[in-house]
Peer 1: 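This is the structure I have questions about; it appears just below.
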2 protein chains.
Amino acid sequence: MISKYKTVADSIENDIQSGVYNDVDKLPTEDDLISTFQVSRNTIRKAIEILVKKGLVFSIQGSGLFVRRSSCEGCVNLENFHGLTAIFKDNVSSKVIDFQQIPANEWVASKLNCSVGTPIYYIERVRYLNKKPYVYEYSYYNKEIIPYLSKELIAGSIYHYIQEDLRLQIGYVDRIIFADKLTSKQAIALDLNEGDPALVTHNLAMLKSGVVFDYSIDIHHYKETKFLKLANFF
Amino acid sequence: MISKYKTVADSIENDIQSGVYNDVDKLPTEDDLISTFQVSRNTIRKAIEILVKKGLVFSIQGSGLFVRRSSCEGCVNLENFHGLTAIFKDNVSSKVIDFQQIPANEWVASKLNCSVGTPIYYIERVRYLNKKPYVYEYSYYNKEIIPYLSKELIAGSIYHYIQEDLRLQIGYVDRIIFADKLTSKQAIALDLNEGDPALVTHNLAMLKSGVVFDYSIDIHHYKETKFLKLANFF
DNA sequence: TCGCATTTGTACGTATGTATC
DNA sequence: GGATACATACGTACAAATGCG
């Protein structure tokens with residue numbers, strides 16, 4: 001089931017990315033888009049809303065809809081962050097440091113909102129972007145939600161596997177972002193020095209039903225990682 | 001001009017914050033809210049949408065609307081970040097390190113999207129939360145947009161002044177987030193050591209018309225600052 | 001300065017689809 | 001399977017901001 005407004009949003013986004021509006025920065029009016037796509041005004045407005053949320057466009061009442069140019073080279077846009085491979089594709093590779101099945105202890109259980117003893121996949125891996133170390137990652141997956149993971153699967157994109165193969169719908173991700181010092185093990189893996197800065201995120205991922213399936217800690221290479229957050233006031 | 005959906009959103013948010021739904025976590029259905037607030041379904045849905053964007057609630061088709069509990073103590077929610085004082089109120093204080101009016105050089109002009117030589121307010125200040133150093137801040141304001149700033153004003157909340165006194169509508173903020181090492185001057189001001197980590201943001205603030213009025217660099221105390229990013233997939 | 005056309009924003013109504021319970 | 005509840009999609013009318021003559 002694919003909705004009209006998503007189709008329209010994708011189509012407009014595609015036009016923006018391929019440079020259709022590069023000269024003018026101004027998109028067609030809502031009425032124009034209505035006749036182009038042959039849908040109602042609400043549907044057009046809902047599509048535009050998605051693009052606004054993604055930080056691709058902004059609108060001015062009485063004036064029009066404009067391209068929002070703010071991309072920062074190599075930045076990760078927090079608004080549509082669906083995992084590393086979704087953005088960087090084939091440039092991402094991974095090295096698995098540790099992979100085992102463990103029972104949830106108190107701490108993991110509190111994070112994953114499950115009972116102590118629940119079977120958990122624990123994964124520790126280093127991920128590379130263009131062969132350069134990018135992030136050191138510790139993940140805990142609830143096996144009751146994600147019943148099977150293998151060393152081959154986790155060498156690639158776990159999120160892709162969850163969405164495309166398991167057909168589960170990811171709904172929400174809570175992400176806490178801060179800076180910290182690298183431990184010696186992390187420093188070696190990232191080709192930095194112990195005590196150097198790290199951009200750290202703690203991530204809690206939920207399905208659309210609100211069920212928590214993943215808790216992970218990402219230790220980012222501070223020279224390689226920049227996040228982009230495009231905020232709209234209202 | 002205050003819209004109905006914002007009024008409804010504020011009212012529901014208020015109820016959530018004051019713990020009305022603490023027992024159940026489940027909010028009234030759309031139909032209930034329609035009869036409570038005596039507005040149309042679209043208006044209710046638009047209000048809910050705001051709360052979803054703020055990360056306060058999430059909805060499950062066929063089931064209902066639920067409170068999203070994910071607040072992290074002392075975290076700054078990137079979704080509704082309108083400046084430090086807006087969140088922490090009277091617990092914020094500032095020390096002005098430098099304040100002067102300068103003509104824009106090439107670099108500033110490129111950031112503020114103005115011509116070289118445009119009068120600029122340059123401000124350097126340390127901001128404290130509960131008397132503890134929180135962030136070292138460098139700001140550049142376009143004087144053509146913000147015509148007057150004084151040492152007294154910048155000791156408080158500049159954003160509050162812009163919105164309440166100048167009656168300008170802030171529209172968008174682009175924020176680049178990364179980690180870096182502290183310089184010795186920053187370290188002294190933040191009561192840390194040179195080379196310690198810092199959570200850094202580069203911020204570009206625009207009015208609703210898209211006009212850039214502020215570029216600032218925030219060097220956050222890495223032990224005190226945590227950002228919270230609540231993402232919704234769609 | 002004023003007025004009008006254009007364009008987006010708000011608000012209402014209705015019908016139908018789809019997921020949950 | 002039926003009732004409930006949210007999601008999508010169509011329509012209309014008027015308000016508010018912008019831009020041009």
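All values below come from the heavy atoms of this structure, side chains included, with hydrogens, waters and symmetry mates left out. The sequence lines fix the lettering, A, B, ..., with proteins before strands; numbering per chain opens at 1.
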Peer 1: Assert yes or no for the condition that the ring centre distance of B:H220 to A:F178 is strictly below 6.0 Å.
Peer 2: no

Peer 1: Can you tell me which stems involve DNA chain D, if a stem is defined as three or more consecutive Watson-Crick or G-U wobble pairs, both distances under 3.5 Å?
Peer 2: C:2-21 with D:2-21

Peer 1: Atom CZ of A:F37 and atom C1' of D:dT8: how far apart are they, to the nearest Å?
Peer 2: 18 Å

Peer 1: Starting at atom CG of A:N42, determine the distance to atom C1' of C:dT16, rounded to an integer number of angstrom.
Peer 2: 15 Å

Peer 1: Restricting to nitrogen or oxygen on both sides, can you table the protein-nucleotides 5-8 of chain C pairs closer than 3.5 Å?
Peer 2:
from	atom 1	to	atom 2	distance (Å)
C:dT7	O2	A:G62	N	3.4
C:dT8	OP2	A:E30	N	3.0
C:dT8	O4'	A:G62	N	3.3

Peer 1: Just how far, in rounded Å, is P of D:dA7 from CZ of B:F58?
Peer 2: 12 Å

Peer 1: How many whole angstroms separate atom CG of A:L168 from atom P of C:dA19?
Peer 2: 15 Å

Peer 1: What residue among A:K53, A:R68, A:E79 forms side-chain hydrogen bond (donor to acceptor under 3.5 Å, both in side chains) with A:N232?
Peer 2: A:R68

Peer 1: Taking it one step at a time, do B:I123 and B:E137 satisfy side-chain contact (heavy atoms from CB on, under 4.5 Å)?
Peer 2: CA-CA 8 Å; B:I123 300 161; B:E137 202 182 82; 5.7 Å; no

Peer 1: Describe, in one word, how the ring planes of B:Y159 and B:F213 are oriented to each other, choosing from parallel (under 30°), tilted (30 to 60°) and perpendicular (over 60°).
Peer 2: tilted

Peer 1: Round to a whole Å and report the spacing from NZ of A:K208 to P of D:dA5.
Peer 2: 19 Å

Peer 1: Is the closest side-chain donor-acceptor distance between B:T29 and B:D31 under 3.5 Å?
Peer 2: no

Peer 1: Does D:dT8 have its OP1 or OP2 closer than 4.0 Å to a side-chain nitrogen or oxygen of A:Y5?
Peer 2: yes

Peer 1: Measure from CD1 on A:I50 to C1' on D:dT8 and round the result to the nearest Å.
Peer 2: 12 Å

Peer 1: Rounding to a whole Å, what distance do you find between B:L207:CG and D:dA17:C1'?
Peer 2: 15 Å

Peer 1: So does A:K46 get a side-chain nitrogen or oxygen closer than 4.0 Å to the phosphate oxygens (OP1/OP2) of D:dT8?
Peer 2: yes

Peer 1: Within the structure provided, determine whether A:D174 and A:M206 are in side-chain contact (heavy-atom separation under 4.5 Å).
Peer 2: yes

Peer 1: Give a yes-or-no answer on whether the side chains of B:N203 and B:T201 include a donor-acceptor pair shorter than 3.5 Å.
Peer 2: yes

Peer 1: Do B:I48 and B:L33 make a side-chain contact, defined as non-hydrogen atoms from C-beta onward lying under 4.5 Å apart?
Peer 2: yes

Peer 1: Respond yes when some side-chain nitrogen or oxygen of B:K4 is under 4.0 Å from OP1 or OP2 of C:dC12, and no when none is.
Peer 2: yes

Peer 1: B:R69 and B:N22: side-chain contact (heavy atoms from CB on, under 4.5 Å), yes or no, with the steps?
Peer 2: CA-CA 10 Å; B:R69 307 209 175 279; B:N22 271 3; 3.1 Å; yes

Peer 1: Specify the separation, in whole Å, of atom CD of A:Q38 and atom P of D:dG11.
Peer 2: 10 Å

